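No hydrogens, no waters, no symmetry mates; every other heavy atom, side chains included, goes into these values. Note that the structure is a prediction, hence the values are computed from the model and not measured.
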There are 2 protein chains.
Amino acid sequence: MLKENYLQDYQNLFAVFNAIHPLSEELKSAIIKNSHIAQVKRKTTLLSAGESSNTIYFIVAGGARVYYLDKDGKQTNTWFLFENELLISVYGFFTGQPSFEYIETLEDTTLIVVKREKLDEMYLQFMEFNFIGRKLTEYYYIRNEIQANELRMLSAKERYEQLLKRNPQLFQRVSLGHIASYLGISQETLSRIRK
Amino acid sequence: MLKENYLQDYQNLFAVFNAIHPLSEELKSAIIKNSHIAQVKRKTTLLSAGESSNTIYFIVAGGARVYYLDKDGKQTNTWFLFENELLISVYGFFTGQPSFEYIETLEDTTLIVVKREKLDEMYLQFMEFNFIGRKLTEYYYIRNEIQANELRMLSAKERYEQLLKRNPQLFQRVSLGHIASYLGISQETLSRIRK
DNA sequence: CCTAACTTTTGATAAAAGTCAAAAAAACAC
DNA sequence: GTGTTTTTTTGACTTTTATCAAAAGTTAGG
């Protein structure tokens, strides 16, 4: 029973990967062997600035935010991630440099946890896994690019409207203060825009 | 002689790739077979909005910019790329959707040209090529993420100073009008910041 | 050179968004 | 439920940046 529930948590991860490139049983086993499930409470810090960002998470249930502190010590959210999405601090995880970002859960969350060391082993052992990794990196890159373009091109109001249109559920799960910093505007301005 | 010059153009590309993962002779041959060299003049448009973005370029010499038109028809630069860098319109190339961006050379430029179709063939035929593709995607993703963070976090003046510090050569090769839109500010504001 | 085209700067004004402080509303805990 | 904490809204004012128009400077060709 416990074992079955445990495997259940991997099904969505495998489905996401399999839709990109067929996953061999060996690779599935390796993923299970090289990872574990974690249940964490809301507002749990998974990564702090200065630490080495050596873990990648797949969100089975729940959600998290990535943020950093600006020069006045104010939190700026760069990303919100929910079920069936991968969760990392991009800069730290990809470069190996100490993180300047924090990761914190927004809700009680179930995660599949993989250390970068193990991930890198799998990338070397299963070359086809790089196909999947490449595609996923492309996917998140696009999202990031859209974000950067909108910050450059749209006014505060337009960015809000765009987000509301593209991702209305976000407003159900994340406070307006958090969304404001994600949009690159002050909470007061967001409040005024919404009227 | 011609042949040698021709191969010479591939050396930097191979060096970049080889630093990530050893390139087999077969893969090198495949890359040469599936690509060609192009010499283009300054201000040549390599991609226009609405077109399918089905080509990836490696810049052997010269440089290019990626831009789009905002709702008032004004050009907004999203990227400047120079020798030994890869050149694509990210969104269009990765999604297969029609491009909303333009690519234009900034200088007379020598390019290695690969069609996405051929690239995808190589990704399937040489699984280790995905290792290289993944790493390169990660690298450009990080650059993009830094850009997005700076747009969100820094004032116009700080963004200018950051760019000047990180990439001073850019100011030698790109006009201030182009840099202004890249920084997400008006040309007049950039001019005032610089005093 | 010298003109034409393009790029950068300057000035005046307007619009957008931030800051600070406090009130109101909502969510949470006992 | 009632008090406490957190989140959101509101008001007054300031700062930042955009816009429009024009002048000055620079570059490239004939």
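- By the 30° and 60° cut-offs, the orientation of the rings of B:Y102 relative to B:Y67 is parallel.
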Given protein heavy atoms under 4.0 Å, the one-letter contact record of nucleotides 22-30 of chain C, with B base, S sugar-phosphate only and - none, is simply ---------
Determine whether B:K41 and B:D108 satisfy the following criterion, salt bridge (Lys or Arg N to Asp or Glu O under 4.0 Å), listing intermediate values before the conclusion. CA-CA 4 Å; B:K41 287 273 164 219; B:D108 293 355; 3.7 Å; yes
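- The cationic atom of B:R116 (NZ for Lys, CZ for Arg) lies less than 6.0 Å from the six-membered ring centre of B:F93 and within 45° of the ring axis.
- With hydrogens and angles disregarded, a donor-acceptor distance shorter than 3.5 Å links the side chain of A:R159 to the backbone of A:L154.
- Listed by residue number, A:E188, A:T189, A:R192 are the residues of residues 187-195 of chain A with a heavy-atom contact under 4.0 Å to DNA chain C.
- Classification of A:E138 and A:R134 as a salt-bridged pair holds, one side-chain N sitting under 4.0 Å from a carboxylate O.
- B:N77 places no side-chain N or O within 3.5 Å of a backbone atom of B:S181 that could act as its donor or acceptor partner.
- Within residues 147-180 of chain A, the residues having any heavy atom closer than 4.0 Å to DNA chain C are, in order of number, A:S155, A:A156.
- For an aromatic pair to be called close, the ring centres must be under 6.0 Å apart, and B:Y10 with B:F17 fails this.
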Evaluate B:Y57 against B:T109 for side-chain hydrogen bond (donor to acceptor under 3.5 Å, both in side chains), listing each step before the verdict. CA-CA 11 Å; B:Y57 304 95; B:T109 298; over 6 Å; no
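- The closest side-chain donor-acceptor pair between A:Q11 and A:D9, if any, does not fall under 3.5 angstrom.
- Note that A:R173 lies outside the cation-pi zone of A:F80, set by a 6.0 Å cut-off to the ring centre and a 45° limit from the axis.
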